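What you are looking at is a predicted structure, and each value in this text was computed from that prediction instead of being measured.
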Amino acid sequence: MLRGQVSFEEESQNSPSVGHWKPLMPSKGDKEEPGSGSQDAGGVHEPQSTEQLNVSRLRSSSVEIREKGSEFLRDELHKAQKELKLKDKECERLSKVREQLEQELEELTASLFEEAHKMVREANTKQAAAEKQLREARGKIDMLQAEVTALKTLVITSTPSSPNRELHPQLQTPSRAGFRKGHGRNKSTSSAMVSAASHNVAPEPVSRECKEVDSILFAEFQAWKESPTLEKSCSFLDRIYREDVGPCLDFTKQELSELVRVAVEQNTLTIEPVASQTVPVGKVATEECGGPKKCALSGLPRTCKHRIMLGDSGSYYYISPSCRARITAVCNFFTYIRYIQQGLVRQDVEPMYWEVMRLRREMSLAKLGFYPSEM
């Protein structure tokens, strides 16, 4: 009995204690007490369910935040798109208004330049006609004054004691009277009658100028008109430079002539009338610049009523009326083609062509020495 008890105690010491062993998962055959099992399950699953609940709440709140944020962004995007469309419409309207104003301004500028050019031409025509009438009136006055003077002389020299036989043809000898029969008026009276008769004669009809378009020149002008430029490379300007501009600005002083040509092309040449006052001795222009009595371009002694300045050099060159007419003709041509290049001439091609031909004729006449008397 004692041995069995000792062996049982040894086996109980070597075997693990049943009260301290906690299985991980209960087996099917094991039976747990109701109170102890429910207590252990509640202690393990309660934290897990709380964490899952918190996670689900966080997930649902994040989803709601995302949905609200996306909805807010969509609303803002729609608002921005609407504002952008309104701004695009406003920009388009303003651009149309600006284009319309620019077009109206361009048309107004073109009409003003064209009207100014027309007024200048009409003024020049009226001035030329008025000057012509003034010259004719002065000629008539001089002739009438001469006739009045002659009549006064005849009347004064005729006295009762020695009558003037020109005023009294009945006192002439028969032979001389017969020879002068029908021509008894004195020379002054007859000239006055002839002058009056000549003024009563109907004026001859003015012959109208006939014109015909040159096909080659017109084709060159049309080609230049498509893309107007001031370069000499095009056939239109190349011909005019060779035939008109070059010869018209070809003066005796070659170096100064070249400077004048460049200034005319660059539109930096200034022409001004010479002051009537006497130039002080210390400020007399040098021989190279000519003087009031010597032309700087031709080198000939001429009365110079005008002078030119090239750019902003400050040096003046006295020019004769003939040289001024040649420079002015070239300047008028370049001014007109610049108007065409800038789109300021609103005419058909043919009237513009004839205006260019008229300006070319002025250059040719000026080159040949013809110029108005007011130069």
Look at the side-chain heavy atoms of Ile, Leu, Val, Met, Phe, Trp and Tyr, link any pair under 4.5 Å apart, and say whether L368 and I319 land in one connected group. no
Which atoms form the tightest heavy-atom contact between F221 and V349, and what is the distance? CE2-O, 3.6 Å
Side-chain heavy-atom pair L297, T252 within 4.5 angstrom cut-off: no
Pair Q127-E131, side chain to side chain donor-acceptor pair (under 3.5 Å): steps then yes or no: CA-CA 6 Å; Q127 182 180 2; E131 290 176 353; 3.3 Å; yes
Main chain of F251, side chain of S257: is a donor-acceptor contact present, judged purely on distance under 3.5 Å? yes
Quick check on the hydrophobic clustering: are L259 and I271 connected, directly or via other members, by side-chain heavy-atom contacts under 4.5 Å? yes
Report, as yes or no, whether the 6.0 Å neighbourhood of atom CD on Q103 holds more than 12 heavy atoms from other residues, nucleotides or ligands. no
If Ile, Leu, Val, Met, Phe, Trp and Tyr residues are connected whenever their side-chain heavy atoms lie under 4.5 Å apart, and connections chain through other members, are L249 and L230 in the same group? yes
Within the distance-only criterion (no hydrogens, no angle test), does the side chain of R346 pair as donor or acceptor with the backbone N or O of G343 below 3.5 angstrom? yes
How close do F236 and E220 get, heavy atom to heavy atom, and via which atoms? CB-O, 3.7 Å
Could you tell me whether a side-chain N or O of W224 sits under 3.5 Å from a main-chain N or O of T229, the two making a donor and an acceptor? yes
Residue pair L58 / S61: nearest heavy atoms and the distance that separates them: O-OG, 2.7 Å
Looking only at heavy atoms, what is the nearest atom pair of S373 and R135, with distance? OG-NH1, 3.7 Å
Can V120 be reached from Y336 by stepping across I, L, V, M, F, W or Y side chains whose heavy atoms are under 4.5 Å apart? no
Find out whether P301 and K294 are in side-chain contact, i.e. whether some heavy atom of one side chain is under 4.5 Å from a heavy atom of the other. no
Check this for me: does any side-chain nitrogen of one of K96 and E99 sit under 4.0 Å from a carboxylate oxygen of the other? no
Please determine whether the number of non-hydrogen atoms from other residues, nucleotides or ligands lying under 6.0 Å from atom CG of D75 exceeds 12. yes
Check step by step if salt bridge (charged side-chain N to carboxylate O under 4.0 Å, His left out) holds for R93 and E90. CA-CA 5 Å; R93 186 183 67 82; E90 185 68 15; 2.5 Å; yes
What's the separation between atom CD in Q52 and atom CZ in R59, rounded to the nearest 0.5 Å? 9.5 Å
Is the Y339 ring parallel, tilted or perpendicular to the F113 ring (thresholds 30°, 60°)? tilted
side-chain contact (heavy atoms from CB on, under 4.5 Å) assessment of L237 paired with E231: CA-CA 7 Å; L237 286 182; E231 297 294 333; 6.0 Å; no
Output, in order, the C-alpha distance, side-chain angles, deciding distance and verdict of side-chain contact (heavy atoms from CB on, under 4.5 Å) for D244 and S364. CA-CA 6 Å; D244 302 312; S364 300; 3.4 Å; yes
Give the intermediate values and the outcome of side-chain contact (heavy atoms from CB on, under 4.5 Å) for residues R326 and Y371. CA-CA 8 Å; R326 293 163 66 172; Y371 62 90; over 6 Å; no
Under a 4.5 Å cut-off applied to non-hydrogen side-chain atoms, are R74 and S70 in contact? yes
Crowding at CD, E102 (>12 non-hydrogen neighbours, <6.0 Å): yes
Donor-acceptor pair, D250 side chain versus G246 backbone, under 3.5 Å? no
Are any of the side-chain heavy atoms of I240 and M363 separated by less than 4.5 Å? yes
Is K367 salt-bridged to E243, cutoff N-O under 4.0 Å? no
I need the minimum non-hydrogen distance between C304 and S320, along with the two atoms involved. SG-N, 3.9 Å
Counting only heavy atoms not in E255, do more than 12 sit closer than 6.0 Å to its CD atom? no
In terms of the angle between their ring planes, are F334 and Y241 parallel, tilted or perpendicular, with boundaries placed at 30° and 60°? perpendicular
Given side chains that start at C-beta, do those of K293 and T303 come closer than 4.5 Å, heavy atoms only? yes
Looking at E209 and R358, does any basic side-chain N land under 4.0 Å from a carboxylate oxygen? no
Grab the two heavy atoms, one from W354 and one from V213, that are nearest each other, plus how far apart they are. CZ2-CG2, 3.5 Å
Are side-chain heavy atoms of E265 and R261 found at a separation under 4.5 Å? yes
Quick one: are L77 and L73 in side-chain contact, heavy atoms under 4.5 Å? no
Within the 4.5 Å heavy-atom criterion, are I216 and R239 side-chain neighbours or not? yes
Would you mind checking if D142 and R138 are paired as a salt bridge, meaning a charged N to carboxylate O distance below 4.0 Å? no
R307 side chain to V274 main-chain N or O, any donor-acceptor pair under 3.5 Å? no
Is the NZ atom of K132 crowded by more than 12 outside heavy atoms at less than 6.0 Å? no
Kindly indicate, with the supporting measurements, whether the criterion side-chain contact (heavy atoms from CB on, under 4.5 Å) is fulfilled by F333 and V264. CA-CA 10 Å; F333 169 75; V264 171; over 6 Å; no
Using the ring of each side chain (for Trp, its six-membered ring), is Y353 parallel, tilted or perpendicular to F218, with breaks at 30° and 60°? perpendicular
Are the side chain of S95 and the backbone N or O of E92 linked by a donor-acceptor pair below 3.5 Å? yes
